[in-house]
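For reference, the structure discussed in these notes is given below.
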Amino acid sequence: MDNLIKRLSSFPNGTVLFIDFLNGLSIKGKLDTIYETDNGLEMDEEGYLEYYACSIKIEKIINQSKKIDEHIKEGNFIEISKYSELLRVYLEDGTVIWALENNS
C-alpha cells in the first residue's frame, strides 16, 4: 500500500477531505471506499498494474481546472490513487494529510 492510501486509510469513511490537483482542480469531498484495482489491462499483458485507490464523493467544486471533465460534478464520485496528479489532501481544519512535496 502506498503512502497516500496508508494516510487515507487512517480516517473513517465519511471524513471530509479537501483535494487539490496539479491541474488546478480543487474539491471538497467525502472519503468513501478504499479498494484494490488495476489499470484495465489483462493480467498477462505487458504494463499490467495492480494498486490501491480511494473513491471520493464530490461535495463541492472549489476551483475548476481549465480543462473541464464532464465526470467532475458535485454528487459524483472520483477515484484517486498514487497515479492521480495530486498536489495535496487536507482536512477541514487545514491539517495536511498528504502533499506532493513530502511524497515525490
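Because only heavy atoms are used, hydrogens play no part in the values below, and waters and symmetry mates are left out as well, while side chains stay in.
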Identify each donor-acceptor pair in which a side-chain atom of residues 46-56 lies under 3.5 Å from a protein atom, sequence neighbours left out, and give them as a table.
residue	atom	partner	partner atom	Å
Tyr48	OH	Glu50	OE2	3.0

**Fill in**
Across all chains, not counting sequence neighbours, the side chain to side chain donor-acceptor pair (under 3.5 Å) partners of Glu79 are Tyr35

Less than 3.5 Å apart, which donor and acceptor atoms pair up between the side chains of residues 25-32 and the rest of the protein, not counting sequence neighbours?
residue	atom	partner	partner atom	Å
Ser26	OG	Asp20	OD1	2.8

**Request:** Please confirm whether the backbone N or O of Leu86 pairs with a side-chain atom of Ser84, one donor and one acceptor, at under 3.5 Å?
**Result:** no

**Prompt:** Could you give all pairs that pass the ring pair (Phe, Tyr, Trp, His ring centres under 6.0 Å) test and reach residues 12-34, with sequence neighbours left out?
**Reply:** Phe18-Tyr90

**Request:** Could you list the residues that satisfy side chain to side chain donor-acceptor pair (under 3.5 Å) with Asp93, not counting sequence neighbours?
**Result:** Thr95

**Message:** Nearest 0.5 angstrom please: Ile78 CD1 to Ile58 CD1, how far?
**Reply:** 4.5 Å

**Item:** Within 6.0 Å of CD in Glu85, more than 12 heavy atoms from elsewhere
**Value:** no

**Prompt:** Do any pairs count as a side chain to side chain donor-acceptor pair (under 3.5 Å) and have a residue in residues 2-11, sequence neighbours left out, and if so which ones?
**Reply:** Asn3-Asn103

**Message:** Measuring only between side-chain heavy atoms, which start at C-beta, is Phe11 closer than 4.5 Å to Ile97?
**Reply:** yes

**Request:** Consider only side-chain heavy atoms of I, L, V, M, F, W and Y, link residues closer than 4.5 Å, and tell whether Ile80 and Leu22 are in one cluster.
**Result:** yes

**Prompt:** Mind checking whether Trp98 and Met1 sit in one hydrophobic cluster, side chains of I, L, V, M, F, W, Y counted as touching below 4.5 Å?
**Reply:** yes

**Request:** List in chain and number order the residues that pass side-chain contact (heavy atoms from CB on, under 4.5 Å) with Asn76, two or more places apart in sequence or in another chain; answer none if no residue qualifies.
**Result:** Lys73

**Item:** Residues that Asn39 engages under side chain to side chain donor-acceptor pair (under 3.5 Å), provided they are two or more places apart
**Value:** none

**Request:** Working to the nearest 0.5 Å, report the span between CG of Leu8 and OG1 of Thr33.
**Result:** 12.0 Å

**Request:** Determine, using the 4.5 Å side-chain heavy-atom cutoff (strictly less than), whether Ile5 and Leu100 are members of one ILVMFWY cluster.
**Result:** yes

**Prompt:** Mind checking whether Val89 and Leu91 sit in one hydrophobic cluster, side chains of I, L, V, M, F, W, Y counted as touching below 4.5 Å?
**Reply:** yes

